[in-house]
Amino acid sequence: MQRLAMDLRLLSRELSLYLEHQVRVGFFGSGVGISLILGFSVAYACYYLSSIAKKPQLVTGGESFSRFLQDHCPVVTETYYPTVWCWESRGQTLLRPFITSKPPVQYRNELIKTADGGQISLDWFDNDNNKSYMDASTRPTILLLPGLTGTSKESYILHMIHLSEELGYRMLLLNYLGKTGPKTPLKAAATFSVGWNTFACSESLEKPLNWLLFNYYLTTCLQSSVNKHRHMFVKQIDMDHVMKAKSIREFDKRFTSVMFGYRTIDDYYIDASPNHRLKSVGIPVLCLNSVDDVFSPSHAIPIETAKQNPNVALVLTSYGGHIGFLEGIWPRQSTYMDRVFKQFVQAMVEHGDELSNM
């Protein structure tokens, strides 16, 4: 026992001396430290390249649309490399607004009054100084619709405007396209991180962590938007009850479904889900989604329905979050979503006629 105690004391002293030496030399200056860092870096690189960086899944209902995209929008078949230090869904979603730049854009606002007394505000970027389309009457026009609480000042909208400016140009709700079919005046459309099934979206956002990070904040944004015009709704809606909502579902039940005349919130959510209208889309539509998007769960993406419509192409990345799709070491200027947008829009404007001949 005495010998064992002496051995333990000796071992403790030797270990203490070694640790003191490591502190004096510095962790990074020691061979052990460098080896650990190199080993971790190699292991992480192997994991990233084997499990994170992947080619998106391209799902189309027709071989001609698939060939068209491969020829003129090759980014949808290339490996997507999410930002190495921020590839998780929530991180991509939360950081995009803060990391990506906001290109300066000067809008011309047009306010349209509707027959029912409402208003539609359009922010136009005319791009009159471009050299490709001098005549405004022949200049391709792109319609961009922000998300649930977004505006024309969102960074991803500004980047799309900037890319449109480079191409010389001045896409859309799937519910509208599903209702109009081929009768729409639009030539093509693209959607990004669309919520395919409103029920599934709500359930996902009501999970504790997602509620804390996203749901409650978005609910307060919606409340703030309608509270500005409180006087317009008080006769029809209990606004005090609306302002006590703690989730998007509660807000929709107390305000949105009532405002638009739905009998129940379930009726509203069924009508608001574009998944069952995808089969009726009559123009080329590209839909970019990430399967890790907490706003649009992967099990609700209508893959089988898309395979039945030759006008639809789903581009599904393994990572990217909701309107994230960050890539590169410091993704300030461009995202994978920006590249998909630019290539697809340019392909449809310059080569769209090829689809009708395939």
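Since we're looking at a predicted model, the values are computed, not measured. The first residue in the sequence is number 1, and the count goes up from there.
Residues Ser89 and Asp293 bring no donor and acceptor atom of their side chains to less than 3.5 Å of each other. For Gln346 and His351, the side-chain atoms include no donor-acceptor pair closer than 3.5 Å. For the residue pair Thr219 and Gln223, no side-chain donor N or O sits within less than 3.5 Å of a side-chain acceptor on the partner.
The aromatic rings of Phe68 and Phe65 lie tilted to each other, with the angle between the two planes from 30° to 60°. Trp330 and Trp85 have parallel rings, their planes meeting at less than 30° on a 0 to 90° scale where 60° marks the start of perpendicular. Ring orientation note: the planes of Tyr319 and Trp87 are nearly perpendicular, at an angle over 60° on the 30°/60° scale.
Between the OG atom in Ser290 and the NE2 atom in His322 there is a gap of 11.0 Å [rounded to 0.5 Å]. Between the CZ atom in Phe325 and the OG1 atom in Thr100 there is a gap of 13.5 Å [rounded to 0.5 Å]. Rounded to the nearest 0.5 angstrom, Leu314 CG and Thr191 OG1 are separated by 8.0 Å. One distance of note links CD of Gln57 with OG of Ser318; it measures 8.5 Å at 0.5 Å rounding. The CG atom of Leu278 lies 13.0 Å from the NZ atom of Lys307; values are rounded to the nearest 0.5 Å. With rounding to the nearest 0.5 Å, the separation of CE in Met348 from CG in Leu286 is 10.0 Å.
Salt-bridge formation is not detected for the pair Lys244/Glu250: no Lys NZ or Arg NE/NH1/NH2 atom is positioned less than 4.0 Å from an Asp or Glu carboxylate oxygen. At a threshold of 4.0 Å, the pair Arg254-Asp238 does not count as salt-bridged, since none of the basic side-chain nitrogens sits closer than that to a carboxylate oxygen.
Sorted by first then second residue, the ring pair (Phe, Tyr, Trp, His ring centres under 6.0 Å) pairs that include residues 228-247, not counting sequence neighbours, are Phe233-Phe255. Within the structure, salt bridge (charged side-chain N to carboxylate O under 4.0 Å, His left out) contacts touching residues 257-275 (residues at least two apart or in different chains) are Arg263-Asp267, Asp271-Arg277. Listed by first then second residue, pairs satisfying salt bridge (charged side-chain N to carboxylate O under 4.0 Å, His left out) with a partner in residues 207-235 read Arg230-Asp240, not counting sequence neighbours. Applying the salt bridge (charged side-chain N to carboxylate O under 4.0 Å, His left out) definition to pairs two or more places apart or across chains, none involves residues 210-221. Every pair passing ring pair (Phe, Tyr, Trp, His ring centres under 6.0 Å) that includes a residue from residues 179-204 is listed here, sequence neighbours excluded: Phe199-Tyr269.
The backbone N or O of Cys221 lies less than 3.5 Å from a partner atom in the side chain of Ser225, making a donor-acceptor pair. With Asn309 contributing its side chain and Ala306 its backbone, the two residues share no donor-acceptor pair below 3.5 Å. Remark: the backbone N or O of Pro56 is not paired with any side-chain donor or acceptor of Thr317 at under 3.5 angstrom. Listed for the Ser296 side chain is a donor-acceptor partner under 3.5 Å among the backbone atoms of Val194. In terms of modelled atom types and a separation under 3.5 Å, the side chain of Ser273 and the main chain of Thr198 share a donor-acceptor contact. When atom types are taken as modelled, the side chain of Gln343 and the backbone of Val75 share a donor-acceptor pair closer than 3.5 angstrom. A distance-only check finds no donor-acceptor pair linking the side chain of Asp126 to the backbone of Asp128 [under 3.5 Å]. With Gln92 contributing its side chain and Leu326 its backbone, the two residues share a donor-acceptor pair below 3.5 Å. Between the side chain of Asn215 and the backbone N or O of Ser247, no donor-acceptor pair lies under 3.5 Å. At distances below 3.5 Å, not a single donor-acceptor pair connects side-chain atoms of Thr184 with backbone N or O atoms of Thr180.
Note: Tyr107 and Phe125 fail the aromatic proximity criterion, with ring centroids not under 6.0 Å apart. Remark: aromatic rings of Phe295 and Phe214 are close, center separation under 6.0 Å.
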Under the side-chain hydrogen bond (donor to acceptor under 3.5 Å, both in side chains) criterion, do His72 and Glu350 qualify, and how do the steps go?
-> CA-CA 9 Å; His72 302 295; Glu350 299 179 5; over 6 Å; no
Please report the C-alpha distance between Tyr336 and Leu288 in whole Å, then the side-chain angles of each, then the deciding distance to 0.1 Å, and finally whether the side-chain contact (heavy atoms from CB on, under 4.5 Å) criterion is met.
-> CA-CA 10 Å; Tyr336 179 76; Leu288 175 63; 4.1 Å; yes
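The two atoms that bring Asn275 and Thr305 nearest to each other are O-CG2, 4.2 Å, heavy atoms only. Scanning both residues, Lys187 and Ile283, for their nearest heavy atoms gives O-CB, 4.0 Å. Closest non-hydrogen pair, Ile323 versus Met337, comes out as CG2-CE, 3.7 Å. Heavy atoms only, all atoms of each residue included: Pro297 and Ala200 are closest at CG-O, 3.5 Å. Annotation for Ile248 and Leu205: closest pair CD1-CD1, 4.2 Å, computed over non-hydrogen atoms.
Qualifying salt bridge (charged side-chain N to carboxylate O under 4.0 Å, His left out) partners for Arg249, counting only residues two or more places apart in sequence or in other chains: Glu206.
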